Amino acid sequence: MQYILNAAKCSRLLSKRGIVARHVRGLQSSNLRKQNFEKLFPRHEEFQKRHIGPREHEQMEMLRTIGFKSLDELTEAAVPAKILHKGDLNLNEPLTEYDLMKQITKISEKNDIWRSYIGMGYHNCCVPHTIMRNIFENPGWTTQYTPYQPEIAQGRLEGLLNYQTMICDFTGMEVANASLLDEGTAAAEALALTHRHNKRKKLFLSDQVHPQTISVIATRAASLGLKLEVGDVFKVDTSAKDIAGILVQYPDTTGSIHDFDDIVARAHSDGTLVCAATDLLALAVLQPPSEFDVDICVGTSQRFGVPLGYGGPHAGFFACRQKLVRLMPGRMIGVTRDSSGQEAYRLALQTREQHIRRDKATSNICTAQALLANMSAMYAVYHGPQGIREIASRVHNLTLSLARGLELTGNSINNIYFFDTIKVSPKISVQTIKENATKAKVNLRYYSDDTVGISLDETTTIEDVNDLYKIFSADTTVEEVVKDESFLTRSLDKSDFFHRTVPYLQHPVFNSHHSETRIVRYMKSLENKDVSLVHSMIPLGSCTMKLNSTTEMMPCSLQGFTDVHPFAPLEQAQGYQRLFAELERDLCAITGYDGISFQPNSGAQGEYAGLRAIQCYHESKNDKHRQVCLIPISAHGTNPASAQMAGMRVEPIFVRKDGSIDMAHLKEMVDKYRKTLSCLMITYPSTNGVFEETIGDICDMIHDAGGQVYLDGANMNAQVGLCRPGDYGSDVSHLNLHKTFCIPHGGGGPGMGPIGVKRHLIPFLPNHPVISCTDNGKGDVKNLGAVSAAPFGSSAILPISWAYIKMMGPKGLRKATQVAILNANYMSKRLEKYYKTLYKGGTGLIAHEFILDIRDFKKTANVEAVDIAKRLMDYGFHAPTMSWPVTGTLMIEPTESEDKTELDRFCDSLILIRKEIADIEEGKLDIAQNPLKMAPHTQEQVITTEWNRAYSRELAAFPAPFVKGGNKIWPSVGRIDDIYGDKNLFCTCPPILPEQ
């Protein structure tokens, strides 16, 4: 019986095997057909293969060098198992570059481009096509880094000096910085300066300041414990001598121009500073604020040649009296001399100031708006003083015509003097005006008192004004109005008091480049002086200088994204809203967070917004006493400054010799401040370039004490697809979209720092007084106002990150992170015989960046990190991050975008430099006069007939084979020192610029 059953079982098995065999043969045949089909019709090239630098065979070669067989094996060794994300991210499969452009174009077309006369600090403008193409769309300008190495940044430094000069000329102030983030944050910085200056705790704002500016200042004042009063500035009483600063708008938000002489005089007599938010184009015909003796001027340069872009990015400006310069936030460009005595430019004030002074810094601002400032400066260079005056006069005269025509037909104009904006009490109902405007696809500003605001701009035509008459049922035309010159009654040109008499833009640079031939050559001459990613890798640790692909950048020029006013009704911005929703969903999938705010327009603003959200959360639980922020000294440099700005008390946490957090000290500090602990602010992987095994335990420790965890997102490029902060315990992070998510650095800005939060913090995300950015089911935000001027931050550059994620897909993003870690470990391995990697993880691996210890060379060869940084320029490279986070070191981050050839070229350069150091140690090169101490070497220095240095010209200029031929990048000036006490330094254009 048993035999019969077994025989029957065998029969059934054989039968099944036949079925399986036929099935296998069928699959093999199907796979063969599929392979043949794919050979006939291969798929489009995957974008990830373009973005990731090393080819597959190069990756395998590098893996063998560091002792691994696969990227997954490396990942499992480098990333702590406890936090490693299992499976793929919940993202769509990748799009090709061409499919992406079709999709993003359709999204942009969902935005309705109406004629917007809303104003409020945002205006349409005519962006000169030559500036659009040669700067805004040019990777030679967009992919530069902040000019911390001035010898290879002379072009953008000159452009930013032009910007400072332009701002000083129009405002009449003595000094200006190289841009801030926007008008609202510039105004907040100005009033914070007044508090630092006189230590008073009260601020007064005119109720005629733009509402978004008031909200940004209110948010800042609350965190700093300052009392804020908003009211009629002509009734302010400063006699109690308790007001730190006053802010006025000139022209004000309704368009009116006022005489502030008496207010300023009274304020100054009582020790109060006065700040004016102003408009550059208005100042072309209007008396500059300096003439009524204000102390600080702020504003935006957007209408000087930068698209609306639904709110940004735009360059804010900040100018002040010379006496306040040491308190001024941000960056300033100055003129000095190089080692050969030639005139040169460099950062003159507060270079990485917040990194050095930490919680004692004047500001946490790290990113400026260099790219947009350069565009605005070039706009002024291209048009010159006469061109700017003509633009301003045309806008003003059209506004005068509009006002006069409306008055003649029964409407009332509420402004006595104005430049481009009027407030109208209409003869017909506002509802009728809204209906007429809607039919004409026109946006106006509607006030709660049934008045209507109209703001004209450079793009406004006579036909547009005639259409505005029709909307107000005014039966007239511009042609009819100007027949009677009484329409000029309110002209600023005829005003004894408001008429501008002071010239501006007198420097030759603003009077030499008015033909397109001249401006193109000028822009190219500046571009040629700078090293950017079009030349070579920029291996800056913590800065993630990765590929900014052409396809990612192209949507930023689509009219559907460039020409939308940030305060247009939401129904007109459905394309942007879809973009935000999809990007939020994708970023949440990547990070493990539940909500995103796009309002913070820089990493520093993201830090500030995230910390303010934490504070508001504690306040909602009646835990206002929780104000201590613990920050490891290995954290990102801006963290302490941001915590101080958010009203927190900073307490440092020690790190061990291996670069990891000292857990014993952390526990001690948590126990000490258990009742007052607000949060821990930590960078992960650490700024020392290490994945810490204890990150989950650290988060648990903070939560057990009632605190929150702020995880700085600066190093997300080591985490995307591998681990998610929201999963292992973080409550909030800012995301540097200009690092991990491919928005270019722009020579020092734009940046973008949206914050991701867990669900309990969503109700405390930033809001906005004009366009609510929290009405999407995330809860009622009552505790936090605006942190930036625009509701959704620098919206116009968000398509870059959206496109990057869409084209990479879940597997591509994971692989990009793996290759970033591979590249860093490969370089560290190649260099280990020559330089010491300061910190490594427990497995002997690093994350996506590493620190080379240079300090011993000071003893043996008198060589410091700065000498290696300057010498690298002779090899065609930008230096790594220098002397941060550890003094006397170089921090290197190669990113995944650089291929093996480029990595080897950079490693070879450092190896050859190490040989030069050895030659100094052995006496073959002079300890004082050697290629490192004299670097960088300019073309002029090398070809001079008098070469009296103790080494050859060839060693100076052509130290490696790959530098020869047509590959040489020449620094345009010799070495510039870092001494900022230069008495001869000046920060606006000198009387004569170097030969153009």
Side-chain angles (χ1 to χ4, degrees), residues 62-84 539-544 632-636 653-666 682-698 712 714-719 722-723 817-857 865 868 880-896 903 906-907 910-911 914:
M62 290 191 290
L63 283 164
R64 285 193 295 271
T65 299
I66 61 175
F68 292 91
K69 295 178 181 178
S70 68
L71 288 172
D72 286 341
E73 186 183 354
L74 171 62
T75 299
E76 290 169 4
V79 183
K82 289 182 181 179
I83 67 172
L84 199 59
L540 288 150
S542 188
C543 296
T544 316
I633 60 175
S634 62
H636 200 248
I653 303 297
F654 301 153
V655 297
R656 296 168 20 179
K657 289 184 179 179
D658 64 359
S660 63
I661 290 176
D662 186 329
M663 292 294 288
H665 187 244
L666 175 62
I682 185 172
T683 302
Y684 195 78
S686 77
T687 304
N688 292 331
V690 177
F691 280 104
E692 306 211 28
E693 295 278 349
T694 55
I695 184 63
D697 298 332
I698 290 171
D712 187 305
N715 290 344
M716 273 301 296
N717 211 48
Q719 299 190 68
L722 303 184
C723 50
T817 307
Q818 291 178 310
V819 174
I821 294 171
L822 169 63
N823 283 0
N825 278 279
Y826 171 74
M827 291 183 72
S828 176
K829 184 69 174 179
R830 270 215 65 193
L831 294 169
E832 69 179 1
K833 293 179 182 178
Y834 310 94
Y835 301 89
K836 175 186 175 184
T837 295
L838 193 57
Y839 301 118
K840 293 183 179 180
T843 59
L845 296 170
I846 53 176
H848 65 312
E849 60 189 5
F850 60 103
I851 299 173
L852 295 183
D853 194 347
I854 309 298
R855 291 171 292 186
D856 287 345
F857 300 144
I868 297 176
T881 301
M882 190 178 68
S883 289
W884 186 86
V886 180
T887 301
T889 64
L890 296 172
M891 183 163 63
I892 299 173
E893 180 183 355
T895 85
E896 71 275 11
L903 302 182
F906 186 77
C907 288
L910 283 176
I911 291 168
R914 179 64 185 93

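Sequence positions, counted from 1, serve as the residue numbers for this chain. Everything numeric here is computed off the predicted structure, so don't read it as measured data. What you see below is based on every heavy atom in this structure, not just the backbone, and it leaves out hydrogens, waters and symmetry mates.
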_Pair M663, T694 - check side chain to side chain contact (heavy atoms under 4.5 Å, CB included), show working._
CA-CA 8 Å; M663 292 294 288; T694 55; 3.6 Å; yes
*Determine the minimum heavy-atom distance between L74 and L822, stating which atoms define it.*
CD2-CA, 3.7 Å
*With sequence neighbours left out, write down each residue that passes salt bridge (charged side-chain N to carboxylate O under 4.0 Å, His left out) with D697, or none if nothing qualifies.*
none
*Report yes if the distance between the aromatic ring centroids of F850 and Y839 is under 6.0 Å, otherwise no.*
no
*Closest heavy-atom contact between G541 and T881?*
O-OG1, 2.8 Å
*Please tell me if the side chains of N823 and M62 come closer than 4.5 Å, counting only heavy atoms from C-beta onward.*
yes
*asked:* Could you check whether any side-chain heavy atom of I854 comes within less than 4.5 Å of a side-chain heavy atom of Y835, counting everything from C-beta outward?
replied: yes
*Roughly how far apart are T837 OG1 and L845 CG, rounded to 0.5 Å?*
11.0 Å
*Nearest 0.5 Å please: distance from the NZ atom of K833 over to the CZ atom of R914.*
14.0 Å
*Tell me, with the steps shown, if W884 and I851 meet side chain to side chain contact (heavy atoms under 4.5 Å, CB included).*
CA-CA 9 Å; W884 186 86; I851 299 173; over 6 Å; no
_I'd like to know whether S828 forms a side chain to side chain contact (heavy atoms under 4.5 Å, CB included) with K840, so could you lay out the CA-CA distance, the side-chain angles of the two residues, the decisive distance to 0.1 Å, and finally the verdict._
CA-CA 10 Å; S828 176; K840 293 183 179 180; 4.1 Å; yes
*Indicate whether the side chain of T544 and that of T895 have a donor and an acceptor atom separated by less than 3.5 Å.*
no
*Any chance you could measure S686, atom OG, to N715, atom CG, to the nearest 0.5 Å?*
7.5 Å
_For I821 versus A78, what's the shortest heavy-atom pair and its separation?_
CG2-CB, 4.3 Å
*Look up atom CD1 in I83 and atom CD in E692, then write down how far apart they are to the nearest 0.5 Å.*
10.5 Å
*Closest non-hydrogen atom pair between I892 and F906, with its separation*: CD1-CE2, 4.0 Å
*Sub-3.5 Å donor-acceptor pair from the side chain of H848 to the main-chain atoms of A820, do we have one?*
no
*I653 backbone acceptor or donor facing D662 side chain under 3.5 Å*: no
*Could you state the interatomic distance from OG (S883) to CG (L890), rounded to the nearest 0.5 Å?*
7.0 Å
*asked:* Could you go through E896 and N717, starting from their C-alpha distance and side-chain angles, then the distance that decides it, and tell me whether this counts as side-chain hydrogen bond (donor to acceptor under 3.5 Å, both in side chains)?
replied: CA-CA 9 Å; E896 71 275 11; N717 211 48; 3.0 Å; yes
_Hydrogens and angles aside, do E849 and N688 bring a side-chain donor and acceptor to less than 3.5 Å of each other?_
no
*Please report the shortest heavy-atom distance between F857 and Y834, naming the atom on each side.*
CZ-O, 4.1 Å
*Under the 3.5 angstrom rule, does the side chain of T75 hit a backbone N or O of L71 as a donor-acceptor pair?*
yes
*Output yes when a side-chain donor or acceptor of T817 lies under 3.5 Å from a complementary backbone atom of Q719, and no otherwise.*
no
_With a 4.5 Å cut-off on side-chain heavy atoms, are R830 and I911 touching?_
yes
*Classify the side-chain pair D72/Q818 by whether it contains a donor and acceptor separated by less than 3.5 Å.*
yes
*Between I66 and Y826, what is the shortest heavy-atom contact and its length?*
CG2-CA, 3.8 Å
*Using modelled atom types only, decide if a donor and an acceptor are shared between the side chain of E73 and the backbone of K69 within a distance under 3.5 Å.*
yes
*Report the C-alpha separation of I695 and I682 in whole Å, then their side-chain angles, then the decisive distance to 0.1 Å, and conclude whether the side chain to side chain contact (heavy atoms under 4.5 Å, CB included) test is met.*
CA-CA 9 Å; I695 184 63; I682 185 172; 3.8 Å; yes
_Euclidean distance, I868 CD1 relative to L852 CG, rounded to 0.5 Å_ = 8.5 Å
*Over 60° means perpendicular and under 30° means parallel, so classify the ring planes of F654 and H665, tilted if in between.*
parallel
